[in-house]
Amino acid sequence: MISERIFRLSEKVRNTPAEICLDRARLITKFYSEPSMEPFILRRAKSFQYVLENKKIFIDDDSVLAGHLASRLHAVPIYPEVTAWLYDDLETIDTRSSDHFKFIPGEKDELRTIVEAWKGRTFGDLTGALVDADMNTMINIGIFTKGVSNLSTMNHAPAYYDMVHRGYRYYIDKCKENIAALEDMDIDTMEKQITWQSMIIVMEAIIKFAHRYADLAEKMAGECSDSERKAQLLAMAENCRVVPENPPQNFQQAAQFVWFTHLALMMEVNGGDHCIGRFDQYMYPFYKKDLENGVSEAFIADVIHEFKLKFGELWVLRTNRESQAYPGCPLWIHMMIGGVLPDGKDGCNELTNAILHCMDDLQTKEPCVSFRYHDGVNQDTFRLALAVARKGGSHPAFFNDSTNISHLLTLGHTLKEARDWGICGCIEPSVPGITDFQSNAGYFNPIKVFEITMNNGVDPVTKVQIGPRTGDVTTFTSVKQLMDAYETQQAFFMKKFIVLFNRIISCHAHALPTVTASCFTYGCIEKGRILQRKGAEHRYSAVAISGVANVADSLAAIEECVFDKKYLTMSELVKLLETNFEGKENMRQLLINKAPKYGNNIDSVDEYAHWLADLCNEQVVQYRDGRDGQFTTVIASQSYNVVLGRLIGATPDGRLAFTDLADNASPMIGMDVNGPTAVVNSISALDPLIPQSGVLVNQRFDPAITKGEKGLDILETVVRTFFNQRGQHIQVNIVDDETLRAAQKDPQSHRNILVRVAGYSAYFVDLEKDIQDNIIARTLQQTL
């Protein structure tokens, strides 16, 4: 059971309307209106210092942890120096169908003025100028998306395991020592000095920001007549004096330390996807110490609840298109629990169980709680995690230690490093504290490339010759010819995609550094380099691959129905696709029912999925990213399967024009008919060791078959079967169609239903109807 205080906080977080906050936009615009010849890194550090010194702050009446992203609860700040897209999307922010935000009366006009002042001068303008006409056409017709062009480097995971034992003052002193040791000045040493100075400015600013909350808490305590609340405020004030400057002394201070750091990462430059690491490991000593000192389990549970609710309150503002692709405003903030320790032993402990019990009492949209499974996992803790997921809150997601550690070893990590992994992004493994990882290189869309291949390089939707001429498919006599043509087309588009991303990622180093993240990543202070200038030793970027099932099913349909059984000719197939099967439903059903479908453990079609995953990976990893880092692939689409599907005509798998694609690595909707074990067997045939950044798998189960111990046995069998075949990740929704359709009809009575959308969870009723329908359409597994 949760306390009354946590219940009130939860209700506020869930029910306070999301609004636009102009506080930061005003401050950053004022700061940059002053002329300066300072180096850009120093200028950026001082801009953040200015924001933290002048930002409006408040303390909620029910909080014991201080700090909010905006000037009021559930509001979202604006980053006008970054977001060029505001020129086009500003007018619809409060009316769009997905993730809309209200304005305080009069502030929409003020935002128009601020945006106009930045017009042509934002980071988005800088990166937008790097997109040539062909690339822009490829983006618009759905071949790929543009990655991190309107925000800075994401996916950061600080070295919390050391930070909580050191405090910021340790890192400030390191920077000062490095500056003092400088002798002769040249170009390189000047850059180092400027970088260390910038780091000091930012860390001192965050400390002073904490002290502002201490001052406010003391003031509120002096005016408070309630003795219990007065004590809470005085404790908050003391905590904010101690952390993050110094090492925390108890569990509450440690949670406050992590929260201030995460808040700074987000406030500096619209950062998302930041992993809070192995929370049950670095927080465990504080948990044990508190219990030994007489602190109650109930108090610690309250701190865990509020800590999670802090993340649940966070919002980011995205473009209109991204709000449709990432509905429910996900931040992909992963809290890792379980897994092996650096010495290979099981890491499950009493705090792991306490976190899971807290989840059983109260689920939150963020953070994404991610459970690390391994063969030696504590069985009771694993079953508890399954039981929590079964309850319907869509957390935790399950990740396979063995596969993720293997990925990180191939990326150059030592075994001890690899065993300490966390998730940055939706499912992508990285090692906290030593990695500069970028999950948002963009989404590459093979089924659109396949459609263009079927039309000899022409996009049939826009009639534009966008790809190379690889042959008239009506003259092809084998699937092999089609696959060869596809390979040529994909290589052409993949190179364009990589070139575009590398142009954009290079801009970060010269215009939009993330100084805060650089302070807490090994290598940056040591080298005197920010993350974006190769500060971290480990650097890599992930290219997301979507629509795998559609390509596999299309190739299987052509092989079976055109070349093997000759139910129709290639010319007839092309005509059917051009006309969207109009008047030929019988032929569409033939393509659906006569050909094998991915997701049913059928080798002939699963081999096509493997071929595509392998081909994408081979074409991607031959390149280096703009930071001289490695490229990886991840099989994931988020909700771009809906957004990109609107740009693609009918496909040979029987899919109608402009309808949804398969989501992530899962089978096409309704095509998996042999149960969840068959699904995970097909996905395993992709070879989960190929995409080094993971394979995103959604599965939805009927609550009727997951009841009781037998139901847990079913879930455990599915997870273990998949992970025994080197599966990397699986996430489950335990909810039936009737409940979801009832929520569509009466959202107010179903406001707290959480569903797994992709690599994140969202409240079902907050999603627009297209996404809701896509989730309902996912196969409801009713047997093994």
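Positions are given from 1, in the same order as the sequence printed here. Reckoned from all heavy atoms, side chains included, excluding hydrogens, waters and symmetry mates. In this text, all values refer to a predicted model and were calculated from it rather than measured experimentally.
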Just to verify, what does Lys208 make a side-chain contact (heavy atoms from CB on, under 4.5 Å) with, not counting sequence neighbours?
none
Who pairs with Thr137 by side-chain hydrogen bond (donor to acceptor under 3.5 Å, both in side chains), at least two apart in sequence or on another chain?
none
Compile the donor-acceptor pairs under 3.5 Å between side chains in residues 321-329 and protein atoms, sequence neighbours left out, one pair per line.
residue: Ser323; atom: OG; partner: Ser98; partner atom: O; Å: 3.4
residue: Ser323; atom: OG; partner: Asn320; partner atom: O; Å: 2.6

Those residues at least two apart in sequence (or on a different chain) that pass side-chain contact (heavy atoms from CB on, under 4.5 Å) with Phe492 are Met138, Pro468, Lys496
Holding to side-chain contact (heavy atoms from CB on, under 4.5 Å), I want the full list of residues that pass it with Ser97, two or more places apart in sequence or in another chain.
Glu768
With sequence neighbours left out, which residue pairs that include part of residues 190-203 fulfil the salt bridge (Lys or Arg N to Asp or Glu O under 4.0 Å) condition?
Glu191-Arg533
Partners meeting side-chain hydrogen bond (donor to acceptor under 3.5 Å, both in side chains) with Thr145 (sequence neighbours left out):
none
Test of understanding: with side-chain contact (heavy atoms from CB on, under 4.5 Å), list the residues that count as partners of Ala264, not counting sequence neighbours.
Phe48, Ile206, Thr516
Does Asp88 have any side-chain hydrogen bond (donor to acceptor under 3.5 Å, both in side chains) partners at least two apart in sequence or in another chain, and if so, which?
none
Any salt bridge linking Glu107 with Arg26? Criterion: basic side-chain nitrogen under 4.0 Å from a carboxylate oxygen.
yes
Applying salt bridge (Lys or Arg N to Asp or Glu O under 4.0 Å), can you list everything that pairs with Asp173, at least two apart in sequence or on another chain?
none
Quick test of your reading: applying salt bridge (Lys or Arg N to Asp or Glu O under 4.0 Å), list the pairs with at least one residue in residues 94-105, sequence neighbours left out, ordered by first then second residue.
Asp94-Lys108
Residue set satisfying side-chain hydrogen bond (donor to acceptor under 3.5 Å, both in side chains) with Lys174, at least two apart, ordered chain then number -> none
